[in-house]
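Chain letters run A, B, ... following the sequence lines, proteins first, then strands; residues in each count from 1. In what follows, every heavy atom counts, from backbone to side chain, and hydrogens, waters and symmetry copies are set aside.
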Amino acid sequence: MTTPLLSVRDLVIKFPTRHGPLTAVDGVSFDLAAGEVLGVVGESGAGKSLTGSAIIGLLDPPGHIASGEIYLKGERIDNLRAEDMRAIRGRRIGMVFQDPLTSLNPLYTIADQLIETIRTHLRLSEREARKRAIGLLDDVGIPAASRRIDDYPHQFSGGMRQRVVIALALAAEPELVIADEPTTALDVSVQAQIIDVLKEQCTQHGASVILITHDMGVIAETADRVAVMYSGRIAEIGPVREIIQNAKHPYTSGLMGSIPTLAQEEDRLVQIPGAMPRLSDIPPGCPFNPRCDKVFDKCRVHRPSLIPVENREVACWLYEDAEAKGAAL
Amino acid sequence: MEAVSNFLASDLFYRFRKSPVAVLAFIVTAVLVLSALFAPLIAPQNPFDPGSLNLMNGFSLPGEPNQFTGEIFMFGTDDQGRDVFSTILYGLRISLFVGFSAVIFAMVLGSVLGLIAGYTGGRTDTIIMRIADIQLTFPAILVALLIFGIAKGITPPSYRDEVAIWVLILAIGLSDWVQFARVVRGATLVERNKEYVQAAKLIGRKPMAIMLKHILPNTLGPVLVIATISLALAIIAEATLSFLGVGAPPTQPSLGTLIRIGQGFLFSGEYWILLYPALTLLALALSVNLLGDWLRDALNPKLK
Amino acid sequence: MLAYVIRRVFQSIFVLLMVGLVAFSMFRFVGDPVENLLGQERTQADIERVRDQLGLNDPFPVQYVKFLGNALQGNLGVSYRQGRPVSEIIAERAPATLELAGVSALFAVVFGVGLGVFTAIRRDGFVANFIMTTSLIGVSLPTFLIGILLIYVFAVELGWLPSFGRGETVKIGGWSTGFLTESGLKAIILPAITLGLYQMTLIMRLVRSEMLEVLRTDYIKFARARGLSTRAINFGHALKNTLVPVITVTGLQIGSIIAFAIITETVFQWPGVGLLFINAIQFVDIPVMAAYLMLISVMFVLINLIVDLLYFVIDPRLSADASSRGH
Amino acid sequence: ETLRWARAGDSLTLDPHSQNEGPTHALSQQIYEPLISPDMEAKPIPALATEWMVKEGDPNVWVFKLREGVKFHGGEDFTAEDVVFSFNRAKMESSDMKELLVSIKEVRAVDDYTVEMETEGPNPILPNNLTNLFIMDKGWAEANDVTAPAEFDDGEETYAVRNANGTGAYMLESREPDTKTVLKANPNYWGKGEFPLEVTEIIYTPIQNAATRVAALLSGEVDLIQDVPVQDIDRVANGDGLKVGNAPQNRTIFFGINSGDEDLENDNVEGKNPFADVRVRKAMNMAIDRDAIKQVVMRGQSAPTGVIIPPFVNGWTEELDAYPKADIEAAKALMEEAGYGDGFEVTLHCPNDRYINDEAICQAAVGMMGKIGIKANLVAQTKANHFPLISGKKTDFYLLGWGVPTFDSEYVFNFLVHSTTDDRGSWNGSRFSNEEVDAMIQSLGSEVDLDKRNETIAKIWQVVQDEQIYLPIHNQVLNWGMKSNIDFPVQPEDQPHFKFLKFN
Amino acid sequence: MTEFSAQLDTPLIQVANLSCVFDVSKPWLNRVVERESKQFLRAVDDVSFEIRKGETLALVGESGSGKSTIAKMLVGLLEPSAGTILFDGQPMVIDSSERMMELRKRFQMIFQSPYASLNPRWKVADVIAEPMVVLGVEKDSAKIQARVGELLELVGLSAADGAKFPHEFSGGQRQRIAIARALSSNPDFVVCDEPTSALDVSVQAQILNLMRDLQDQLGLTYLFISHDLSVVRHMADRIGVLYLGALVEIADSKELFKAPQHPYTRMLLDAVPDLEMTGRQRKEVEGEIPNPINPPPGCTFHPRCPFANERCKGEVPHWTETRTGVVACHGVEEGRIPAAEMVR
Ligand SMILES: Nc1ncnc2c1ncn2[C@@H]1O[C@H](COP(=O)(O)OP(=O)(O)OP(=O)(O)O)[C@@H](O)[C@H]1O
Ligand SMILES: Nc1ncnc2c1ncn2[C@@H]1O[C@H](COP(=O)(O)OP(=O)(O)OP(=O)(O)O)[C@@H](O)[C@H]1O
Ligand SMILES: [Mg+2]
Ligand SMILES: [Mg+2]
Ligand code: NI
């Protein structure tokens with residue numbers, strides 16, 4: 001078995017508060033192969049962004065990795081010194097944030113920001129860096145890149161800015177790009193364009209992608225695999241198609257059912273009662289148990305860990321047997 | 001009761017308890033405010049009643065019997081035979097009264113104007129904010145000097161003593177309203193576009209009701225912070241004006257007036273006339289400033 | 001931008017007129033200049049004659065219009081106290097105040113920004129907290145007291161620095177400067193600190209809070225995600241963005257430095273316009289007072305104008321309207 | 001040797017005739033000279049005049065013999081012509097000195113070194129009025145177009161405001177008003193050999209703030225300061241290489257009370273003037289504890305007095321000067337008797353930047369008045385606001401200080417006792433008005449018989465004291481702080497004449 | 001004009017030629033110095049439609065297409081620059097007349113952000129009671145309290161929640177509170193401006209279900225605004241598509257999705273990610289929405305339209321009636337646009 005590009009093992013992220021530490025991400029594990037696109041979905045507060053930030057080492061204090069490990073190409077990166085981690089950021093792991101309007105420093109031109117990034121990581125002269133920057137802008141589909149490169153961010157529209165942000169994230173050819181809801185702030189008609197650019201660029205540069213979003217549709221079209229997060233844990237992870245068409249975890253299937261679609265005519269949407277628990281009162285056992293229609297006693301007491309089912313993993317006691325079966329097979 | 005228990009359970013109070021500086025500052029402020037409030041009960045003497053003073057007690061050393069009268073004063077006496085301790089308590093009253101009133105005046109004026117400017121927008125906004133600009137052009141002490149000059153001119157001399165304090169309040173308040181207006185206006189501009197305001201408009205609420213019932217309560221956070229810091233500033237401003245001779249009258253000295261009087265005795269060895277009022281002022285202004293500082297950080301959601 | 005400048009100029013003129021009006025209406029109340037002009041042996045007839053000469057018997061609006069008319073021609077009148085043209089007196093005194101204000105402002109800005117950045121970067125460090133707390137002492141005592149304490153310590157007790165005046169000055173053209181002599185440089189230290197301390201504290205605290213705010217923005221986070229060095233982020237990205245709001249306040253503060261110079265100049269017998277103004281108040285020297293107020297306003301207005309123009313330099317978004325059209 | 005000199009205020013102008021004011025004269029005294037100059041004890045001594053006498057046969061004319069061989073700083077000779085010119089200049093409308101010369105009808109040069117002054121009537125004390133009347137050079141004044149003192153409405157600065165050409169021991173080297181004035185010794189001074197003239201350069205810096213002024217002396221940045229705050233005297237006197245000199249000043253501090261009006265504006269008694277009752281005034285006089293004021297407020301630096309003239313003044317006697325011991329009980333009894341047993345309320349106006357500890361004196365007085373039931377509301381303000389109240393007759397109870405440049409009681413009577421008319425009584429805030437007294441005062445001006453004149457003066461004082469028109473407090477004491485190596489007496493008029501200064 | 005609505009139901013809302021123009025000019029002096037003329041932004045451009053009693057009309061369109069502006073005009077928060085709005089036959093005039101206050105009881109609005117639409121300083125019960133109190137629906141405070149409790153339960157919360165402050169609730173719960181407030185004056189007509197776009201899908205489903213239930217229970221009429229076509233499809237009876245302030249197509253919901261007429265409608269549909277993984281061939285939308293201050297001449301959509309010809313560039317299209325509704329497109333009118341190949 002080859003080492004995965006990224007391997008997250010039992011990641012736990014905590015926030016100390018006056019009422020004791022809050023566990024925002026609790027035992028998240030997954031692997032990501034080179035060139036793969038992993039979608040991460042989940043409701044607001046499920047811990048998607050925190051997971052992303054933890055990987056690139058940008059958790060905002062007081063949040064911190066309480067336990068667990070993160071490996072990049074087999075090399076552990078969650079406990080690196082600040083300076084070493086900095087060398088990885090941008091160079092080996094790039095990141096795209098949600099809001100293109102605020103991701104760029106308004107006081108510097110696009111050229112300034114691109115060249116600065118490029119020269120931080122690559123030994124290039126100012127001239128070469130600029131050339132490369134123009135090339136990057138061209139790649140992400142900015143017309144007349146050589147002219148527009150000297151513009152300031154406010155002179156671009158939202159979609160264009162997000163393209164610039166993608167160019168910046170890819171400037172040093174990282175092996176992994178983490179995109180945290182890159183299209184949420186954009187218009188419907190532009191969203192698809194941006195996702196396309198992102199995917200295309202990453203494929204071209206051979207970068208793996210972690211695409212964080214709450215839009216199943218985007219995942220469906222983009223990702224190879226998807227991880228569904230709930231209350232700081234992964235509820236289900238596996239190939240996109242399978243999960244969408246045949247969700248195993250009751251939460252996932254509820255989630256899928258609650259999305260209105262263009263295709264079917266449904267009178268009522270499937271509705272999961274209640275809401276995701278607050279971090280401060282996550283119920284014992286399976287965090288989904290109070291909302292689950294298939295709940296049984298064990299769910300209320302014991303926390304399920306990811307159980308391999310077919311070629312995915314599901315954190316649900318319903319599939320305990322499957323594991324046994326799988327083991328038996 | 002519920003409010004109290006809510007407060008005790010609130011994050012704010014928790015953070016407060018966790019900040020030793022804030023707690024200390026609060027205690028100092030509280031002690032000073034309370035002793036000012038109950039000055040007549042605490043002070044051994046009423047320094048504002050000149051008839052009760054004995055000039056021969058003047059310049060008594062702290063804690064030592066006066067060479068003529070044999071009386072003992074804990075913090076000594078000043079050039080008028082006033083017990084420095086009592087004078088500080090009473091002076092604190094004046095300083096706090098002036099400070100609080102000036103800040104409240106500035107706060108009310110500034111908030112109302114800021115609210116109107118922000119909510120109404122357009123020409124009203126322009127006019128109010130232009131006036132604010134002009135006000136800013138005039139540095140605070142000049143404003144105060146001007147107002148003082150004018151008030152002196154228009155009040156009959158015999159009332160000046162009573163008016164002096166109010167003039168101070170007016171002067172300091174007027175030089176301070178702009179920041180309230182700006183902050184409230186800024187907050188109002190944000191709030192008025194929020195949907196809860198739209199919801200209120202929708203049901204036909206009058207602008208006045210919307211401003212007062214909906215928007216105003218939501219601008220109070222930053223206003224409170226500014227008010228605290230302004231309080232410290234107002235107390236210092238009063239002291240500065242005293243130095244320029246337009247502060248509280250010497251027969252009813254504020255802390256600032258006491259310091260102005262005391263600084264004349266800096267070289268002559270009667271350090272206590274300056275030292276104790278100055279320390280009191282320092283303690284007061286410093287702790288109020290620290291509280292304001294802490295409050296600013298605590299109420300800033302982004303700083304959490 | 002041109003429109004902006006024009007608007008500012010009009011506003012400034014309006015401000016100046018207002019200041020003039022306010023100042024003028026105040027003068028009627030500060031006392032009677034005639035009383036000071038004439039000695040104690042004056043007669044009622046003298047008083048009347050001088051009042052007449054000075055135009056004090058004219059109706060208030062007439063006085064104001066006269067004053068404005070003269071001021072426009074650069075004639076600010078003659079000081080009652082010194083019997084010399086006010087413009088000349090002011091020109092003679094202004095260098096002292098400007099040098100003092102300049103050094104104070106420099107002190108305030110350099111230390112304010114420096115310490116502000118420091119305390120923001122080391123947000124929870126002990127030294128930063130210590131600086132934050134002690135800096136408040138600077139704003140918790142009235143300026144005059146700080147000045148006197150400084151004199152007491154550094155002039156009287158230690159004898160290191162002079163207690164008053166500007167020391168030796170050198171004339172360069174019409175400008176007398178204290179920067180070129182040792183005694184001049186020594187003399188400016190205490191007053192400049194006294195005057196700048198308050199502003200320094202303000203600027204420092206402002207820089208800190210703005211910087212903390214900026215450090216929390218998305219673009220700083222994104223800059224981190226791009227792997228930029230801490231240095232580049234703190235000083236290249238965060239500081240520049242911090243400066244935008246800081247400049248406004250600093251501009252206003254420089255204005256109040258000039259105004260607060262009144263007190264510092266009184267304490268240190270610094271021969272600037274502030275001292276002149278205080279003397280003028282005592283002597284009810286109306287022309288000098290009026291000129292001073294106008295001068296202060298002009299300075300304020302000018303500084304604000306410069307500050308606003310600085311914005312255009314620093315923040316491309318402002319000049320944007322003009323250049324971005326067409327994209 | 002260089003002397004660095006500081007005092008609270010600067011000279012307002014170098015033009016010797018446009019301001020009649022202490023600090024202005026003090027500087028002018030170094031540069032210009034009068035005919036008769038006060039010495040360091042304020043005794044008149046010959047300066048530009050060597051002798052003066054009433055002309056034999058004509059009591060209306062004074063004759064002055066002028067000093068010969070005197071040259072102005074610019075090299076011009078000093079002659080009678082310059083004296084005539086200067087006197088005429090000082091009598092002009094725009095001059096501030098003219099009131100002192102009202103009695104002079106004409107000044108004429110008899111020859112180059114003799115001048116005659118004709119007065120309206122006999123004026124026995126004319127020379128007393130001339131000690132601050134400085135002589136300018138006619139030619140210089142004409143050349144520089146300063147033949148008249150500056151008018152207030154002139155758009156321009158006149159040359160004489162910042163330039164000076166006198167005959168004095170010091171010549172103007174440079175001047176920045178309010179900042180620094182440098183004087184150099186006059187190499188051709190006539191008084192060489194007559195005066196010590198040890199100071200060769202004077203650097204004069206006004207320092208307004210008292211603490212700073214003292215600090216400057218303590219830190220050795222200046223050599224001599226006037227106006228040492230009373231509380232700092234000890235510190236200066238005990239300072240390393242420093243000493244304090246003092247002398248009684250020609251100025252009395254007292255309270256004025258409006259006894260003349262029917263009703264007071266600033267009190268709480270309806271329809272009546274409590275001050276009109278002499279018993280109230282006496283009670284107030286008794287309530288004042290002058291010794292306490294001296295002891296505490298003035299730190300011993302004052303001479304309590306019972307009369308509103310200092311001892312230098314003609315008419316002063318020890319009996320007048322005697323003051324009652326504070327006696328609250330007796331004072332209260334008097335108040336009771338006058339029908340004000342429950343007291344009343346009144347406003348006390350006070351300057352806060354004119355006299356030594358003026359505000360503190362008033363504060364103390366407020367306390368003392370309080371003890372006999374008079375609630376005085378203190379309004380302390382800058383002199384520019386205070387004095388107009390007095391001369392405008394807008395205050396009923398106020399503090400005032402009065403110096404007597406002529407050293408004669410007539411001056412005091414004219415301004416403070418005579419009822420207010422066009423040319424007299426302008427400072428009589430007591431509104432005291434008595435035709436008989438007025439007549440007596442008027443007679444003083446032309447009374448040649450000195451004994452008779454003194455008798456009248458005594459009579460007037462008797463009335464003033466009996467009626468208790470004013471409440472005298474004390475005579476001020478002057479304090480100069482200086483380096484201990486300076487030998488320089490304190491001058492009662494607060495005017496240092498540096499030509500007398502000696503170093504040891 | 002929309003003449004197609006010759007249905008039986010009486011329209012509750014009739015909007016005719018509604019426009020809203022914002023003056024976005026620079027200050028006078030700038031215009032003079034920079035030699036510019038005044039600038040206007042046509043946020044809503046000559047829009048006409050009707051909403052029948054009990055029906056849900058949805059408006060879709062990209063950001064800035066004028067959806068919210070129309071909503072605000074409908075509830076009297078914004079004065080139209082031109083055009084008329086008839087509410088149950090009565091003209092809407094923004095004033096505080098008796099008649100208008102009566103009218104105000106009959107319409108309400110649900111806003112997008114559940115965080116900004118509740119005053120954080122007010123208790124939930126007060127928030128809900130405010131319309132009742134202000135509009136004078138109920139005077140007795142006990143009754144008001146009872147009604148607040150009822151409303152809270154109606155939207156799936158408990159009556160005891162009235163004593164809490166908004167920040168104690170989750171986004172979905174807040175939106176329920178906002179709905180309760182909207183219902184407190186017993187309105188007939190509710191304008192919903194993107195009521196779920198700030199919510200998570202699972203919560204969105206709850207809210208959408210709730211809104212439909214309430215419509216059935218109370219016979220409400222909705223104007224439903226969203227940019228999410230799948231949500232619109234789920235909620236609406238009829239759909240209007242807006243582009244740059246103008247309505248380009250109105251059609252029956254089912255029909256619109258089956259056979260979109262206007263190229264813009266098609267493009268929007270194409271942009272929706274395919275969750276079903278049907279393998280539908282998506283055509284990416286070209287370009288971005290132009291600056292509304294200087295909209296393109298002719299058909300404003302022509303720069304992005306694959307079917308545009310010269311006519312489109314110059315001439316403003318008129319309403320064409322189609323099988324499914326009305327559409328404003330020259331291409332459709334001329335029949336030169338191929339039928340939509342919606343693979344279903
Ligand atoms: N600084 C913090 N202090 C306390 N809790 C935090 C902090 N930052 C995040 N959290 C909590 O951690 C949990 C996970 O947050 P995260 O940002 O990862 O969610 P998310 O899945 O990205 O949600 P969204 O879709 O809203 O972006 C949330 O419940 C959030 O409230
Ligand atoms: N008060 C206003 N002043 C100027 N322009 C405005 C104003 N309100 C809205 N606009 C402009 O009108 C146009 C339509 O805005 P509107 O808010 O109706 O769009 P929307 O379709 O609701 O968009 P979104 O999906 O972003 O809510 C936009 O271009 C907007 O910039
Ligand atoms: Mg997130
Ligand atoms: Mg909208
Ligand atoms: Ni078309």
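Of all non-hydrogen atoms in E:Asn119 and B:His214, the two that sit nearest each other are ND2-ND1, 3.1 Å. B:Ala200 and E:Glu130 get closest at one heavy-atom pair: CB-OE2, 4.2 Å. Nearest heavy-atom pair across E:Pro120 and B:Tyr196 is CD-CE2, 4.2 Å.
Only the side chain of E:Lys72 comes within less than 4.5 Å of a heavy atom in chain B; its backbone stays farther off. For E:Met101, the part lying near chain B is the side chain, with the backbone staying farther off; criterion is any non-hydrogen pair under 4.5 Å.
Environment of CZ in B:Phe26: sparse, with no more than 12 heavy atoms of neighbouring residues, nucleotides or ligands closer than 6.0 Å. Within a 6.0 Å sphere centred on CD of E:Gln215, other residues, nucleotides and ligands contribute more than 12 heavy atoms.
Between the CD atom in E:Gln108 and the CG atom in B:Leu202 there is a gap of 5.0 Å [rounded to 0.5 Å]. Once rounded to the nearest 0.5 Å, the distance linking NZ of B:Lys201 with CE of E:Met109 reads 11.5 Å.
No side-chain heavy atom of B:Ile203 sits less than 4.5 Å from a side-chain heavy atom of E:Ser185.
Your options are E:Leu77, E:Val134, E:Ile110, and the one with the most heavy-atom pairs under 4.5 Å with chain B is E:Leu77. Taking chain B as the reference chain and counting heavy-atom pairs below 4.5 Å, the highest number among E:Arg181, E:Met100, E:Arg121 is found for E:Arg121. Per-residue counts of heavy-atom pairs under 4.5 Å with chain B were compared for E:Tyr115, E:Trp122, E:Phe107; the largest is that of E:Trp122.
Within the 3.5 Å criterion, the main-chain N or O of E:Leu118 finds no donor-acceptor partner in the side chain of B:Glu195.
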